[in-house]
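Let me begin by presenting the structure, written as structure tokens, before commenting on it.
Everything numeric in this text was worked out from a predicted model, so none of it was measured. Heavy-atom basis, side chains included; hydrogens, waters and symmetry copies ignored. First the proteins, then the strands, lettered A, B, ... as listed; each starts at 1.
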Amino acid sequence: MPAIKETIEDVRRLEADKYKYGFTTEIEQEFGPKGLNEETIRFISGKKNEPRWMLDWRLDAYRRWTRMAEPNWAKVDYPPIDYQGLHYYAAPKNASKYKNLGEVPQELLDTYKKLGIPRKEAEVLLGLEGAGQSAAEARTEALSGQVAVDAVFDSVSVATTFKEELAKAGVIFMPISEAIHEHPELVRKYLGAVVPVTDNFFATLNSAVFSDGSFVYVPKGVRCPMELSTYFRINAAGAGQFERTLIIADEGSYVSYLEGCTAPMRDENQLHAAVVELLAFDDAEIKYSTVQNWWPGDVEGKGGVYNFVTKRANCHGRNSKVSWTQVETGSAITWKYPSCVLKGDNSRGEFYSIAVTNGRQQADTGSKMIHLGRNTKSRIISKGISAGRSDQTYRGLVSVHGKAEGARNFTQCDSLLIGDTCGAHTVPYVETRTPKAVLEHEASTSRLSEEQLFYARQRGLDEESAVALLVNGFCREVLQELPMEFAVEAQALLGVSLEGSVG
Amino acid sequence: MGVAMPPNAMEAAFLAQLDENVPAREMLAEAGLPHRRIEEWKWSDLRAVVGKLPAEPGVLTFVAARESDTVAKQGQESALCMPLLASALSKELHIYTLKNGETLELNVDASAGFTHQQLLVLVPAGIKAQLLEHYTVQSCAFANLTLTIVVETDARLDRVVKQDAAPEGALVLTSLIKLAPKARMAQTTLGFGARLARIETHVSHAGEGAQIRLDGACVVGAGLHLDQTSVVCHEGAHGQTDELFKTVVARDGKGVFQGKVYVSGGAQKTDARMQHRGLLLDDKAEIDAKPELEIYADDVVCTHGNALGAIDDEALFYMRQRGLPEAAARTLLIESFLAEPLERIEDEKVREHLLALLRTRLGVVT
Amino acid sequence: MLVIDNLQVCVKMEEGKGRHILKGVSLEVPAGQVHAIMGPNGCGKSTLSYLLSGREGYEIIGGSMMFEGQDLAGMEPEDRAAAGMFLSFQYPVEIPGVPILTFVKEALNAQRRARGEDETSTPQFMKLAREAAAQLDITHEMLKRPVNVDFSGGEKKRMEIFQALMLQPKFLILDETDSGLDIDALKMVAEGVNTLRGKERGMLVITHYQRLLDYLKPDVVHVMAAGCIRETGGPELALKLEEAGYDKYAGGGA
Ligand SMILES: Nc1ncnc2c1ncn2[C@@H]1O[C@H](COP(=O)(O)OP(=O)(O)O)[C@@H](O)[C@H]1O
Ligand SMILES: [Mg+2]
């Protein structure tokens, strides 16, 4: 049987147990009321002791949401979501209130272990008293080196590490639920500034019910001394996760932020509707990297996370720069278009993406670059790999407005098909209203080459390694953009996602 | 989605002519004429443009080199709105069966008011023929034309479409092309736009090993709008598609390019390439493009490219350094940019005619 | 070492049809010897090299090929590679995005693991790579590029020999490794190959030209035409061919 055929067969046999993050953590959960109404919103807001303005903001979003319709233009197909059958709040009981290690449920510690977060760091994450001092120690032990971590477990942020060290540099990195209390002036000013409340159905839903997420503020001229990182994890059954992240890079500052996501295997679908807002002022730079590995459902398409995410950056200042890098291997349904609004003159936006779909996964993802300022530059590199019975669409928009003289965009979308039961699609929209811009777009679709596979095997690589090597080669331009520690993780993840492409 | 809009004058006039229960009526009553909220028409708001044109019947004059072979009653069903209306609202369907070596010329002129017409062109197995079309749309006219072209096994058709600028008229020309196994076709469009002109081509590689070359050169001047839309569907294996489109937009003109290539699971060994290049000459010019791939077969070569920009300053300087005045250099660059798809026309006489036409019209537009 | 006995092969074509290419090839290469195969274009030389290395798309309809007592038929390409079979491709394929050193290191360690040997350490590997590269005039910059991407024809052939030096196979098949090389490159490549020569190694050198054989000094020369070995002799046979061409063998095989 030809190698490729075999690969295809094997991919089809891909088993659910390949998903190593698919465990659940058996701890007592506290749920909010089921269903969505004003009471739910008041409950969530009350749980977090939110000030009145925050509750009003949520209620306003909720009322608007009730008048909105779910979008249907994406090339994804899923049964109607029962928004009244979901919990909008779930939290481990007594979260973040542990006094010592003995009080932390073993299950929660195990969860972090399985997620690959070192014990010391987990202690800090769990907010153990005295753990702050051990932060430095934890850091040296952490595999990932100098990385500050915020972990969002279902609806609440469990803890944030290295807060103090960051504070010394003047960087604010904390759960957004705390930021609402501690830095209300910043949150009030910037929340919804990049993704307005009514931006789209899912963003509006998020605005109404968001539970937690990260808040980052990097002051003028500060280069954030370490990578900031958040782990998101959905655990509770029948609960949606709606995190909200807000990152503000003030003039001349720099920050690199990493986001990792996992979820347990469950038969029912889990809803994830997040909003990420980035704001970069003059000469500031934000690098935002994601490794998304939500549970994709089993081979037959049962279960899996519905991932409806709105991510947008406003390159507000002159010479500001935002780059989105994502490695997407998970989720049953992905609906996600990280964007940059290039408002400041000379600002730059970048989007580097690897998306792997296998089994019955469906992904409709891409990027939007909106050129408003002069000499704005953008670059989109997208590598899509489809296998099994999956369907993947790159959908993007490059729009150049009349005043954006000197704007430039380069877009490259390459798709790789493994087998003839999957689909790969490319739908770029390009709009320009000035003769003083240059826009280029290239796309190709190909398959894993028999020739290349044979060459690698002639030199002694087995089929599994040969496929992994070729796929890594295909994705190279994007992998290079990831921070070191993440690149290694991402390469491993690519291997796991295509496992079964191997004998 | 949502509530039906009240029909505008043009829609009301169409509805008045349509019998109850015909699909075209249902479609029109429900969705109206295509408008910008319909994905396929997002950059060409036909409803808004023709809503302002006089809603009364016009006259379509056909000057063909010969009579059609047959006239039939309508029977064509289409999922597309405009062909559906063309068949429901025109009285008869003209059918031409081309002969080997024949060159059929069709000159179509639409007078003020709305007109609908449908044509069927058959290219029998094994023959080689040419089809030359020329469309003129008068002030205040809205012409909706549908051409169905069937190229049988081993046959070869060369088609050229010329469309004159129509600042006060609107034109929708939809071509539905079916390629039998090993059929070959080449199509070249030279268009100058209208208040709104849409040249929409659907190609189905129904059989194995068919080939099509689909080219277009568009020049869009002040106040004009030209939309080149194509959907090429590969159902049979070993099909080939080669597309090259060029758009030049001057003043406040608007050029739209939408090109979709669909490859079904059975269409292995498809080779499909699509290129679109656009030049914007002035500050208010606009080009919107959407090159699209939808692919379900793995052993294929499919690529597309899209590049938009202004005239290359370095080339301009180089030519001026060698003594060409700026205006002449500019015209030369634009002309050679647009000539590329026209150069691919095989018939020398036709090619030279189109290149000459381009040269004379360019001066007016730019 | 390598024993090919009356090998008959069809190439699989579309719709299940087949085309008979090798019509009974027999030859034997003992360890320590270098054999050359010469023959007109299209006579089946590359087909033989693909067959020995395990490429798909062929059907063996008769005969056998044994390598160190092991039947090659049915072995996976990587298992043959681990057993020591190296093919220098006539047309080395480009693999975008995969750096050459990463590729060779992965291949080397995969082979070593398959043979139950320890993996090579990175410093050790880099040392070997530097030496091999120096021998073939391969620059540091070239080593950073992806496998065969944007190399000229001659550079690709040098990279093939570089890989052979790194992998130290037991048996080398050189499929027209000399075509596309200028005189200096040919000399370098030949010297590279000669360093691999030894009592334990066998080689099968496919070529059209005497030039390469001047350097490699084969023990035996075979003439292949229309899918058969038509004549076997010493090095003088190659010289004779250079003068007389393949005319004598025209007009069908067995
Ligand atoms: N995949 C194939 N399908 C059909 N014919 C093939 C195929 N591969 C090789 N051949 C034919 O087999 C013959 C031998 O080819 P090859 O071994 O490449 O010759 P050479 O001796 O030049 O290396 C040639 O006639 C070639 O056209
Ligand atoms: Mg050969």
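- Using cut-offs of 30° and 60° for the angle between ring planes, the B:Y296 and A:H425 rings count as tilted.
- The environment of A:K343 atom NZ is sparse: at most 12 non-hydrogen atoms of other residues, nucleotides or ligands sit within 6.0 angstrom.
- Contact count versus chain B (heavy atoms, under 4.5 Å) is highest, among A:T432, A:N409, A:V438, for A:T432.
- In this structure, the separation between CG on A:L439 and CD1 on B:I287 is 9.5 Å, given to the nearest 0.5 Å.
- The line from CD of B:E286 to NE2 of A:H401 is 10.0 Å long, rounded to the nearest 0.5 Å.
- Using modelled atom types and a 3.5 Å distance limit, the side chains of B:H276 and A:H441 yield no donor-acceptor pair.
- Between chain B and the options A:D391, A:V398, A:T393, the largest number of non-hydrogen pairs under 4.5 Å is found for A:D391.
- Looking at B:A285, only its backbone comes within 4.5 Å of chain A, counting heavy atoms on both sides.
- For chain B, the option among A:D414, A:L417, A:L416 with the highest count of heavy-atom pairs below 4.5 Å is A:L417.
- Of all the heavy atoms in A:P428 and B:P291, the pair that sits closest is CD-O, 2.7 Å.
- In B:R359, the CZ atom is crowded: over 12 heavy atoms of neighbouring residues, nucleotides or ligands sit closer than 6.0 Å.
- Of the atoms belonging to A:A437, it is backbone heavy atoms, and not side-chain ones, that fall under 4.5 Å from chain B.
- Heavy atoms of B:K254 lying under 4.5 Å from chain A are absent altogether.
- Within the 4.5 Å cutoff, side-chain heavy atoms of B:H304 are placed close to those of A:T426.
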Could you give me the CA-CA distance, side-chain angles and deciding distance for A:V427 and B:K290, then say whether side chain to side chain contact (heavy atoms under 4.5 Å, CB included) is met? CA-CA 7 Å; A:V427 193; B:K290 183 181 166 201; 3.5 Å; yes

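- The parts of B:E294 that come within reach of chain A are both its backbone and its side chain, each placing non-hydrogen atoms under 4.5 angstrom from that chain.
- The 12-atom threshold is exceeded at NZ of A:K377, counting heavy atoms of other residues, nucleotides or ligands nearer than 6.0 Å.
- In terms of heavy-atom proximity, B:Q268 sits nearest to A:D420 at NE2-CB, 3.5 Å.
- Between chain B and the residues A:E431, A:E442, A:R408, the largest count of heavy-atom pairs under 4.5 Å involves A:E431.
- Counting all heavy atoms, side chain and backbone alike, B:T303 lies closest to A:S444 at CG2-CB, 4.0 Å.
- Chain B forms more heavy-atom pairs under 4.5 Å with one residue of A:S399, A:S446, A:S386, A:C422 than with any other, namely A:C422.
- Atom CZ of B:R36 has 12 or fewer heavy atoms from other residues, nucleotides or ligands within 6.0 Å.
- Chain A forms the most heavy-atom pairs under 4.5 Å with one residue out of B:N306, B:V300, B:V263, and that residue is B:N306.
- Around the NZ atom of B:K42, the shell of radius 6.0 Å holds more than 12 heavy atoms that belong to other residues, nucleotides or ligands.
- Look at A:R433 and B:D283 and you find no salt bridge, because none of the NZ, NE, NH1 or NH2 atoms lies under 4.0 Å from a carboxylate O.
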